[in-house]
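To start, the structure itself, in structure tokens.
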Amino acid sequence: MPRSPAPLPVVPPEEGQRFRRRLHAWYRRHARDLPWRRTRDPYRILVSELMLQQTQVSRVLDFYHRFLARFPDLSSLAAARPQRVREAWAGLGYYARARNLHALARQVTAADGAIPDTPEALQALPGVGAYTAGAVASFAYERRAALVDTNVARVLHRVFAPEVAPKSGRGLKALWAIAEQLLPRTGRASWTHNQALMELGALVCTARAPKCGACPVRQGCRSVDAVPGRPRGPGDEPRATPPRAGVRSRRRSGSPPA
DNA sequence: AAACCGGGGCA
DNA sequence: TGCCCAGGTTT
């Protein structure tokens with residue numbers, strides 16, 4: 001029997017629209033002013049995204065400014081010696097990212113010098129995976145591209161798909177499918193939508209102690225709805241235990257609820 | 001699909 | 001010490 005492919009989750013269009021609206025209204029009021037949100041320069045977006053891989057925003061800020069002062073554009077980076085690039089990265093950690101960025105700069109410079117604008121082409125570059133490819137397409141070129149990073153994965157998991165295992169291959173595929181269904185119609189709107197999704201995960205729908213009381217999309221969140229008996233008012237205290245999306249009573253299959 | 005990789009901060 | 005962070009690459 002050929003194993004039937006697990007059906008990907010479907011988000012009803014109306015539900016998606018309501019989600020987008022509330023998310024956007026929240027973002028307009030709470031978005032942080034981050035330097036890479038003030039530019040569409042593909043090079044600068046690329047630098048920010050590589051620095052931000054597995055690294056918190058607060059720790060990237062200083063490095064970002066210093067790096068760009070040292071290497072203002074792609075060609076200056078491509079022309080630099082590896083040693084200089086490594087120095088500019090010193091302290092940030094994950095130094096393979098610096099090598100990847102440098103290799104990328106040289107590779108693109110050796111070609112036509114243009115950073116690609118589609119996720120497919122971007123993903124062929126060193127150090128650029130599915131997330132970063134979507135991020136550059138969306139944030140630099142304002143293309144209508146989906147992206148799923150750890151923040152987005154957590155938000156979508158909790159709100160729309162608590163039943164999937166978010167770290168598994170299938171779970172991630174499901175979350176990407178949801179992310180694509182949620183995309184607004186235009187690339188311009190997608191830029192804001194994607195930023196907002198990530199911002200919500202970073203500021204409200206956090207890994208530990210999520211601020212559900214301050215969440216613009218808690219109504220309709222399948223993880224919050226799954227936790228009864230907790231009337232949470234605005235600005236509520238961090239929960240001792242996160243919603244643990246998808247834990248409808250963590251029962252090993254077989255032991256029925258008492 | 002799962003394993004592995006790799007820095008640093010903070011509870 | 002363990003978990004988390006705007007993941008990617010390799011097996």
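Side-chain atoms are counted along with the backbone in the values below, which use heavy atoms only and exclude waters and symmetry mates. Per chain, numbering begins at 1; letters A, B, ... match sequence-line order.
Distances shorter than 4.0 Å separate none of the side-chain N or O atoms of A:Y95 from OP1 or OP2 on C:dG8. Between A:R97 and B:dC5 there is no side-chain N or O to OP1 or OP2 distance below 4.0 Å. Between A:T150 and C:dC5 there is a side-chain N or O to OP1 or OP2 distance below 4.0 Å. One finds no side-chain N or O of A:T132 lying less than 4.0 angstrom from the OP1 or OP2 phosphate oxygen of C:dA6.
Side-chain proximity of A:R37 to the nucleotides C:dA6, C:dC5, B:dA1 is greatest for C:dA6. Checking C:dC5, C:dG7, C:dC4 against every side-chain atom of A:R208, the shortest atom distance belongs to C:dC4.
Among the atoms of the strands shown, none is found under 4.0 Å from any heavy atom of A:G201. Nucleic acid contact class of A:Q53 (heavy atoms, under 4.0 Å, all strands): sugar-phosphate only. Backbone-only engagement by A:V128 is indicated by non-hydrogen atom pairs under 4.0 Å involving sugar-phosphate atoms exclusively. At a threshold of 4.0 angstrom between heavy atoms, the contacts of A:A130 are confined to the sugar-phosphate backbone, with no base atom among them. Residue-level contact check: A:L197 touches neither bases nor backbone, having no heavy atom under 4.0 Å from any strand. Among the atoms of the strands shown, base atoms are found under 4.0 Å from some heavy atom of A:R59.
One finds the CZ atom of A:F67 at 9.5 Å from the CG atom of A:L92 (value rounded to the nearest 0.5 Å).
Computed from coordinates, the A:K173 NZ to B:dA2 C1' distance equals 16 Å when rounded to whole Å. The interatomic distance linking A:F63 (CZ) with B:dG7 (C1') rounds to 11 Å, in whole Å. The distance between atom CG of A:L52 and atom C1' of C:dC4, rounded to the nearest whole Å, is 15 Å. Computed from coordinates, the A:L104 CG to C:dT9 P distance equals 10 Å when rounded to whole Å. At whole-Å resolution of the value, CG in A:L92 and C1' in B:dG6 are 13 Å apart. In this structure, A:L101 places its CG atom 16 Å from P of C:dG7, rounding to the nearest Å. In this entry the distance linking CG of A:L172 with P of C:dG8 reads 11 Å, nearest Å.
For a distance-only test at 3.5 Å, the side chain of A:Y131 fails to qualify as a donor-acceptor partner of the base of C:dG7.
A donor-acceptor distance shorter than 3.5 angstrom exists from the side chain of A:R97 to the backbone of A:M51, with no hydrogens or angles considered. Judged by distance alone, with hydrogens and angles left aside, the side-chain atoms of A:R143 form no donor-acceptor pair with the main-chain N or O of A:G187 at under 3.5 Å.
Taking atom P on both C:dA6 and B:dA11, the two are 15 Å apart, rounded to the nearest angstrom. Comparing C:dT11 with B:dG6, their P atoms are spaced 13 Å from each other, to the whole Å. Rounded to the nearest Å, the gap between the P atom of B:dG9 and that of C:dG8 is 23 Å. On the C1' atoms, B:dC5 is 15 Å away from C:dC5, given to the nearest whole Å.
Salt-bridge formation is detected for the pair A:R84/A:E87: a Lys NZ or Arg NE/NH1/NH2 atom is positioned less than 4.0 Å from an Asp or Glu carboxylate oxygen.
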#### Entry: Evaluation steps, side chain to side chain contact (heavy atoms under 4.5 Å, CB included), between A:W89 and A:H102
CA-CA 11 Å; A:W89 205 273; A:H102 195 204; over 6 Å; no
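Among A:V47, A:L101, A:V85, the single residue meeting the side-chain contact (heavy atoms from CB on, under 4.5 Å) criterion with A:F71 is A:V85.
Of the residues near DNA chain C, A:Q54 and A:A133, the one whose nearest nucleotide (by heavy atom distance) lies more toward the 5' end is A:Q54.
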